[in-house]
Protein chains: 2
Amino acid sequence: MRPDDLPQIRELNIFKGISEESFDELMRASFLQTFPAQMELIEEGEPADFLHVVVEGCVELFAQSNGRESTMAMVYPVSSFILAAIMKDAVYLMSARTNKKSRVLMIPAVSVRHVFDTDPAFSKAMVIELSSCYRGVVKEHKNLKLRTSVERLANRILRYRQKQQNDQITLPYDKKILASNLGMTPENLSRAFNTLKPYGVKVEGNKITLSDVEQLAKFAKPSKLIDDQSV
Amino acid sequence: MRPDDLPQIRELNIFKGISEESFDELMRASFLQTFPAQMELIEEGEPADFLHVVVEGCVELFAQSNGRESTMAMVYPVSSFILAAIMKDAVYLMSARTNKKSRVLMIPAVSVRHVFDTDPAFSKAMVIELSSCYRGVVKEHKNLKLRTSVERLANRILRYRQKQQNDQITLPYDKKILASNLGMTPENLSRAFNTLKPYGVKVEGNKITLSDVEQLAKFAKPSKLIDDQSV
DNA sequence: CGACGATTTGAATAGGATCAATGGGAGTGG
DNA sequence: CCACTCCCATTGATCCTATTCAAATCGTCG
């Protein structure tokens with residue numbers, strides 16, 4: 001860990017309010033490392049040795065079984081991943097790879113668990129983080145079980161619009177990954193975009209232009225309890 | 001809360017190791033109530049006022065959107081539900097109803113959050129519980145994204161066999177709910193059972209008899225990282 | 001007994017996946 | 001700079017899975 005990086009790390013939400021002592025302990029055996037794109041950071045089934053925090057870039061969580069693979073989530077700064085495995089001292093349930101060049105903070109599991117036991121501010125922060133992750137998966141699960149693929153895409157587009165504050169949207173990653181994340185094949189994603197054309201969705205490469213948000217929203221029927229990041 | 005119930009409650013895992021003081025505070029404003037079957041305990045979208053703990057019976061967590069409904073999980077003793085909403089002081093993401101007559105312990109959210117802040121043993125227990133819930137949903141999500149419906153059913157049957165330690169299995173609840181939980185329609189569940197007949201699966205009402213577990217397992221290809229409750 | 005809901009089965013349909021072929025960019029090496 | 005390759009993306013055709021609709025059966029409960 002380079003001393004230069006410490007102040008920036010210290011500002012992260014998950015360290016807000018914790019003692020200097022705790023922070024030092026956490027950082028002592030940690031790494032802040034920059035990885036190139038497409039680097040596998042974690043493989044499911046392995047013991048959870050480090051808590052990972054995406055500081056910069058983007059990390060894909062994915063899972064495999066029986067020859068199939070699916071993108072489970074994309075993790076953006078500043079969020080941790082695989083916190084539950086750390087707390088339970090269990091194996092990872094998902095694999096992780098960088099989607100683009102990324103800076104990742106890696107904190108040893110033992111340190112995390114020890115500071116959790118000794119610093120109430122940190123345990124509070126961890127629980128909030130864990131709760132957010134939990135609710136994120138629940139929403140994803142609802143999304144998958146209660147909507148068709150075209151509806152999922154429509155709502156995803158609306159989410160991007162919200163996040164980018166623009167009717168001109170740039171897809172944050174490859175359509176292949178987006179398809180997998182939405183639980184469909186790339187071919188099907190392509191067709192789903194076409195299905196949304198009548199609702200004012202124009203696609204050119206990774207740029208999407210919305211010309212009739214109202215109609216799109218009427219079709220998508222977004223739900224706070226599925227789509228809102230903040231709820 | 002009747003004094004008779006307290007010793008039993010005290011033994012629950014989530015209260016193990018916490019101080020008398022903390023326990024008293026938690027219990028002071030709590031209820032241990034018996035509900036009949038099909039009683040709605042929680043409605044998604046409502047503020048999270050109470051942490052619920054299933055002490056006896058069985059509770060169904062389900063979600064609705066756009067006229068559709070899906071069973072998200074079944075909760076058995078002794079597990080809490082909706083813990084994340086409590087910790088984040090947010091609204092429920094799922095609804096809950098008793099599936100059979102059930103005893104449910106209801107602890108006020110404010111008490112939970114306060115004791116969490118003051119008693120390390122309790123915060124530890126809550127985090128373990130929360131982590132388990134998180135990993136449970138992740139497994140369910142993998143299950144849904146990486147398997148066909150027949151594979152999900154086959155693995156579910158194997159799980160029941162494991163839990164009941166018997167090749168004669170009793171389905172723990174209606175097939176309608178099982179179907180929804182597995183992400184399919186009742187009609188499709190019926191057909192999925194038929195598809196598994198060649199693998200030694202015989203169905204009579206809510207009784208299932210397995211005559212060739214090896215073949216069934218070969219078809220199901222169970223995975224520790226999806227099916228094992230303990231991992 | 002009668003009503004109701006759960007379950008099963010059949011037939012038709014729709015939604016997605018797979019397979020195959022093509023176009024298009026980005027990156028590589030000459 | 002250009003040719004080449006590779007992979008992403010799109011499109012068409014086809015197949016398969018799962019849903020929907022309809023109807024029959026069964027069991028339970030009042």
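Just the heavy atoms: all of them, side chains too, but no hydrogens, waters or symmetry mates, feed the values below. Every chain is numbered from 1 and lettered A, B, ... according to where its sequence line falls, protein lines coming before strand lines.
Leu146(A) has its CG atom 13 Å from the P atom of dT19(D), to the nearest Å. The interatomic distance linking Asn188(A) (CG) with dT17(D) (C1') rounds to 13 Å, in whole Å. Between the P atom of dT8(C) and the CD1 atom of Ile208(B) lies a distance of 10 Å, rounded to the nearest Å. In this structure, the CD1 atom of Ile177(B) is 9 Å from the P atom of dT7(C), given to the nearest Å. Between the CE atom of Met184(B) and the C1' atom of dA6(C) there is a distance of 17 Å, rounded to whole Å. The nearest whole Å value for the distance from the CZ atom in Arg191(A) to the P atom in dT18(C) is 12 Å. The separation between Asp174(A) atom CG and dC7(D) atom P is 13 Å, rounded to whole Å. Going from atom CG of Asn206(A) over to atom C1' of dA26(C) covers 13 Å, rounded to whole Å.
In terms of phosphate contacts, Asn194(B) brings a side-chain nitrogen or oxygen within less than 4.0 Å of OP1 or OP2 of dT9(C). Proximity of Thr185(B) to the phosphate of dT19(D): a side-chain N or O atom is located under 4.0 Å from OP1 or OP2. Side-chain nitrogen and oxygen atoms of Lys176(B) include at least one within less than 4.0 Å of the OP1 or OP2 phosphate oxygen of dA6(C).
In this structure, Ser149(A) and Glu187(A) both approach DNA chain C, and ranking their closest nucleotides by distance from the 5' end singles out Ser149(A).
Every residue was checked against the side chain to side chain donor-acceptor pair (under 3.5 Å) condition with Ser211(B), not counting sequence neighbours, and none meets it.
Checked for salt-bridge contact, Arg161(B) and Asp167(B) meet the test: a charged N lies under 4.0 Å from a carboxylate O.
A cation-pi contact links Lys163(A) to Tyr76(A), judged by a cut-off of 6.0 Å to the six-membered ring centre and 45° from its axis.
Between the side chain of Lys145(A) and the backbone N or O of Ala63(B) there is no donor-acceptor pair closer than 3.5 Å.
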